[in-house]
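Reckoned from all heavy atoms, side chains included, excluding hydrogens, waters and symmetry mates.
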Amino acid sequence: MPDLNKYLVFLLINESAVDATVRSSAGLMLKNNVSRAASQQPDAETIAYIKAEVVKGLIDPVLMIRNISGNVITTLVTQLTIAGWPEILPQLMSMAESDNTISAEGAMSALAKICEDSATELDSDYNGERPLNHMIPKFIQLTASASPKVRSLSIFCVNQFIDLKSQSLLQYLEPFLQALFTLATDEFPDTRYNICTAFVSIMNVRSDILVPHLEGVISFSLHCVNSDNEQVAKEGCEFILGLAESTSFEDETIASHLQSIIPTILATMVYSESDKLLLQSLVEDDEDVEDKPEDIRPNMVKTNNAHQTASKPKSGLSHHTDDDDDDYYDDDDDDEEDGTEAALSEWNLRKCSAAALDVFATKYPELVLQYSLPHLRDGIVSSDWAIREASILAFGAISIGCLDLVGPHLPELVPFLVNTLKDEDAPVRQITCWTLTRYSGWIAFQSAGGLNHEVYLQPVLQGILACCLDKNKKVQEAACSALATFAEDVGEELIPYIEVILTQLAQCFKKYRAKNFYNLYDSIQTLLDVVGPAVADPSYINIILPPLMEKWRSIQDGDKDLWPLFECMSSVAASFGHLFSNYAADVYQRGVKVINDNLMLEQNEFNQITGDIPDKEFIITALDMIDGLVQGLKDEMSALIAQAQPPLVELILQCLDDPVSEVGQSAFALLGDMAINTFDQLHPYIDKILKITMSKIDMYFGPAICNNAAWSSGEICLKMGPTIQTYAQELMTRYVTILDTPDLEPSVAENIAIAIGRIGQCVPELLAPHLNHYITKWCLFIKDVVETDEKDSAYIGICQIVSNNPSGLDSQESLLLFVDTIASYVEPSEPLSIWILNVLTGYKTLLGAESWTGLLQGVSEEARLSVTQRYRL
């Protein structure tokens with residue numbers, strides 16, 4: 001129907017044709033048609049008709065029609081580009097300057113959409129002219145419009161170009177700033193909101209221009225923070241947060257304003273009246289209420305980036321701090337909720353204020369404590385639960401920055417918080433769980449070596465475990481998260497309490513609804529990780545496995561709830577080891593079945609036999625679970641793998657080449673652990689395995705795949721020994737190519753270096769002639785890796801390579817670096833000590849005593865002491 005789009009324009013624009021609802025529907029259909037791919041867009045004649053008519057919609061009496069017309073214009077500009085409709089911008093700018101309020105507001109609304117969607121294009125040259133050069137000064141003039149909406153939108157339009165650092169704007173930044181100051185008393189909320197946004201962006205781009213006006217800008221922002229309008233208040237607080245994070249202003253200048261900033265943000269951390277009403281609408285004791293499907297967060301599968309060679313800090317979830325805790329005020333919320341819970345979990349004013357308090361506490365601990373402590377002392381004993389809750393949140397926010405100063409108060413504060421875990425109001429119990437974890441490092445320090453557990457560690461642990469069985473699901477969730485964080489910080493000090501913790505967590509299986517099982521599984525995994533081999537006790541597995549297996553049997557193979565359960569089962573199997581033997585066959589066979597079923601589904605979908613598209617997460621988590629079995633049961637798994645059908649290795653081979661990176665990552669992780677523990681199962685397939693593994697040692701596939709492929713290849717080399725020589729040349733070519741990659745990620749570089757050492761143990765004579773091609777980077781990448789069996793093995797391999805070609809270190813610099821690298825190994829195994837001694841002795845003999853002494857003057861003091869004292873050279 002070639003004329004359909006013309007008809008839609010006619011309906012949209014002609015107010016007398018039909019009612020507004022039909023007109024708006026026509027406009028939305030038109031917008032969708034215009035946004036289609038180029039081959040499906042309206043013809044040139046129709047486009048010309050739309051251009052000529054749609055602008056009339058901007059002066060329609062009905063606001064909805066004006067807005068939809070603006071959307072059509074914006075979409076058309078996006079599709080045609082500025083060059084395809086050059087006359088629209090002058091036309092809209094002229095309308096925006098009109099004395100007709102409806103015309104001006106309609107045009108500004110359309111311009112705002114265009115500026116938002118096409119900012120980069122507007123900042124480009126067309127036939128020697130740049131649209132922004134004319135638009136920016138006009139927008140600044142329009143900030144003086146009599147229409148509040150035009151004033152607000154003119155600021156919004158300019159704001160789109162600040163972060164772009166547009167030269168068209170930067171030359172007018174001072175006049176723009178003056179216009180913002182003039183509007184500082186504007187009562188229109190949208191204007192104040194956009195002013196705050198402008199200040200935040202200017203601070204990020206040209207903070208120097210704010211310096212002379214900083215006092216006024218801070219005062220304006222704090223005034224906005226106190227606004228009754230939630231969005232204005234939050235945007236004002238965003239400036240305060242940005243101010244806290246900024247390094248562009250003098251510390252003394254910011255410090256001088258903290259006396260007014262701190263009380264303001266403390267006040268806004270209290271739940272608003274509307275939030276309190278929302279919270280009251282939730283059932284206090286809701287443990288028996290089933291979770292709605294939309295309230296359950298999407299499962300986030302953990303990436304199996306195998307066997308990090310160095311001890312890396314885990315990624316903190318905090319949006320605004322370097323702290324590793326799962327911050328209550330994190331704005332990267334994993335939950336996709338709707339309704340009441342969504343309103344309370346989204347990034348909001350109180351979370352922004354708490355984040356700002358956290359950062360200020362890190363930079364100005366004395367002042368923050370001075371200005372906050374009087375408020376917090378009163379607040380935590382308030383009869384108003386919302387004030388108590390906010391005060392406890394604030395104590396958590398200042399914990400890291402003010403720890404040394406709060407320290408003297410913690411012997412009193414920690415027991416108080418433990419007691420508050422029994423507060424009658426669920427939000428207070430919930431936030432107290434989080435705040436206690438912010439002090440778990442201090443509690444761990446106080447409890448180190450098994451001392452004084454009864455003073456802090458035991459009461460805190462008992463309180464958190466009690467909250468794990470709370471009648472409120474939000475408290476259960478907070479307690480499980482707190483237990484995981486507490487376990488990470490306290491570590492092996494929890495070993496005496498394994499039975500108590502597992503017993504309590506086993507009870508959680510009877511109470512929890514769908515959503516909180518994710519947190520429960522995470523708590524179990526974290527506990528097993530931190531207590532290590534101590535968990536491998538028959539009494540412990542008999543506590544946690546029965547409820548876990550009951551849950552295991554209750555979930556169908558196609559249920560996404562399997563994903564976190566598979567991850568948990570992986571950790572359980574790896575931790576309990578041979579004690580898991582009685583459960584291994586059932587778990588293994590189900591894992592293989594899930595992988596095979598989903599691979600078949602995928603193949604059928606590819607062949608258009610079915611329309612079912614499988615979720616890769618089933619394959620990923622099943623691979624990880626089988627990997628946990630292999631890590632835990634080690635060579636016991638060989639018989640199980642040999643008996644089961646279909647053959648596991650054939651499934652792994654398909655997964656290694658999967659286009660989804662996470663599938664390959666997990667497959668290579670499993671492959672490497674099978675090389676360590678069940679190599680006999682890999683051996684019949686070794687040619688296929690190595691060919692695909694070598695092809696993936698390529699940064700083209702991304703650092704994670706390359707990393708895991710390199711690591712697994714090194715493990716395979718160790719098992720194959722000299723028979724790896726058939727593949728050694730290609731492996732080394734790929735390893736060296738990766739080492740030469742600019743800006744190589746440390747984990748990849750470290751795993752490549754270890755793999756080189758591994759293959760060096762097998763065929764050192766083949767690698768020795770090319771030593772000078774890789775030895776310098778090998779030393780640089782591996783030296784700071786944490787000392788593990790893997791690193792020890794790699795050093796033995798490199799020593800064997802060097803022994804086969806000592807002259808391969810053909811420069812003073814490379815020899816110096818190598819000696820420094822191997823001599824700096826702090827705790828070498830006995831075999832490695834022997835190899836290092838032999839290599840160092842050989843070079844001392846080769847160089848002669850005088851040159852050797854001179855060489856040692858160039859290595860680090862640590863290495864020199866090792867050479868002279870440990871190796872007596």
Side-chain angles (χ1 to χ4, degrees), residues 301 304 306-307 552 557-558 562-563 565-574 576-578 580-603 614-696 705 708-709 711-713 715-716 718-720:
V301 175
N304 197 346
H307 305 276
W552 169 270
D557 282 355
L562 267 187
W563 303 346
L565 181 55
F566 275 5
E567 290 176 343
C568 181
M569 199 64 80
S570 173
S571 292
V572 170
F576 283 108
H578 73 277
F580 196 79
S581 296
N582 292 338
Y583 306 92
D586 180 33
V587 172
Y588 173 74
Q589 288 165 5
R590 187 174 190 181
V592 170
K593 181 178 182 298
V594 166
I595 295 171
N596 186 57
D597 288 352
N598 280 272
L599 288 175
M600 289 181 65
L601 271 176
E602 189 176 62
Q603 187 62 44
D615 283 302
K616 295 287 189 179
E617 286 80 359
F618 284 108
I619 299 175
I620 296 166
T621 53
L623 287 168
D624 292 345
M625 182 179 66
I626 295 174
D627 194 5
L629 286 169
V630 172
Q631 291 178 46
L633 277 72
K634 302 188 185 311
D635 57 359
E636 289 182 48
M637 281 297 296
S638 189
L640 198 56
I641 293 171
Q643 296 168 9
Q645 291 295 326
L648 175 62
V649 182
E650 292 183 8
L651 299 179
I652 292 174
L653 283 168
Q654 293 183 61
C655 295
L656 293 177
D657 209 23
D658 196 281
V660 174
S661 174
E662 290 81 1
V663 175
Q665 287 173 244
S666 291
F668 276 115
L670 173 55
L671 180 68
D673 283 317
M674 287 183 67
I676 296 170
N677 300 292
T678 61
F679 184 72
D680 58 315
Q681 298 302 311
L682 299 182
H683 195 267
Y685 303 87
I686 202 64
D687 186 65
K688 291 182 179 178
I689 289 172
L690 277 171
K691 284 181 178 177
I692 193 170
T693 299
M694 289 189 294
S695 74
K696 299 295 181 178
I705 287 287
N708 287 15
W711 170 76
S712 61
S713 70
E715 297 294 349
I716 291 171
L718 276 184
K719 290 295 184 179
M720 291 188 67

Problem - Within-4.5 Å side-chain heavy-atom neighbours: Ile686 and Met720 - result: yes
Problem - Nearest atoms (heavy-atom pairs only) where Ala622 meets Ile595 - result: CB-CG1, 3.5 Å
Problem - Minimum side-chain heavy-atom gap Met674-Val649 below 4.5 Å - result: yes
Handout entry: Side-chain heavy-atom pair Leu562, Thr621 within 4.5 angstrom cut-off
Key = no
Exercise for the section: Decide yes or no for Asp586 and Trp552: does some side-chain heavy atom of the first lie under 4.5 Å from some side-chain heavy atom of the second? Expected result: yes
Practice task
Enter the distance from Glu715:CD to Asp673:CG here, rounded to the nearest 0.5 Å.
Solution key: 8.0 Å
Problem - Output field: ring centroids Trp563/Phe618 closer than 6.0 Å - result: yes
Exercise for the section: Check Cys655 against Ile619 and note the closest heavy-atom contact, atom names and distance. Expected result: SG-CG2, 3.8 Å
Problem - Check ion pair Lys691-Asp687 (N to O, under 4.0 angstrom) - result: yes
Practice task
Just say parallel, tilted or perpendicular for the rings of Tyr583 and Phe580, cut-offs at 30° and 60°.
Solution key: tilted
Exercise for the section: Nearest 0.5 Å please: distance from the CD1 atom of Ile652 over to the NZ atom of Lys688. Expected result: 13.5 Å
Completion exercise
Nearest heavy-atom approach of Asn596 to Leu651 is OD1-CD2, 3.7 Å
Problem - Short side-chain to backbone donor-acceptor contact, Ser638 and Asp635, under 3.5 Å - result: no
Practice task
Can you measure from CE (Met569) to CD1 (Ile626) and round to the nearest 0.5 angstrom?
Solution key: 13.0 Å
Completion exercise
Interatomic distance, CG@Asp615 vs CG@Asn598, rounded to 0.5 Å, equals 8.0 Å
Completion exercise
Closest non-hydrogen atoms of Ala573 and Leu629, given as atom of the first, atom of the second and distance, are CB-CD2, 3.7 Å
Handout entry: Gap separating the CD1 atom of Ile692 from the CD1 atom of Ile689, nearest 0.5 angstrom
Key = 9.5 Å
Handout entry: Nearest heavy atoms of Asn677 and Gln631, plus distance in Å
Key = ND2-CA, 4.5 Å
Problem - Side chains of Arg590 and Asp557 in contact at under 4.5 Å (non-hydrogen atoms) - result: yes
Exercise for the section: For the residue pair Ser713 and Met694, establish whether any side-chain heavy-atom pair is separated by less than 4.5 Å. Expected result: no
Handout entry: Pair Asp624, Ser666: side-chain N/O donor-acceptor within cut-off below 3.5 Å
Key = yes
Handout entry: Taking every non-hydrogen atom, the tightest pair across Ile641 and Tyr588
Key = CA-OH, 3.6 Å
Problem - Pairwise side-chain contact, Phe668 with Lys696, heavy-atom cut-off 4.5 Å (strictly under) - result: yes
Handout entry: Where at least one partner belongs to residues 640-655, residue pairs that pass side-chain hydrogen bond (donor to acceptor under 3.5 Å, both in side chains), sequence neighbours excluded
Key = Glu650-Tyr685
Handout entry: Any donor-acceptor N or O pair under 3.5 Å, side chains Gln665, Ser661
Key = yes
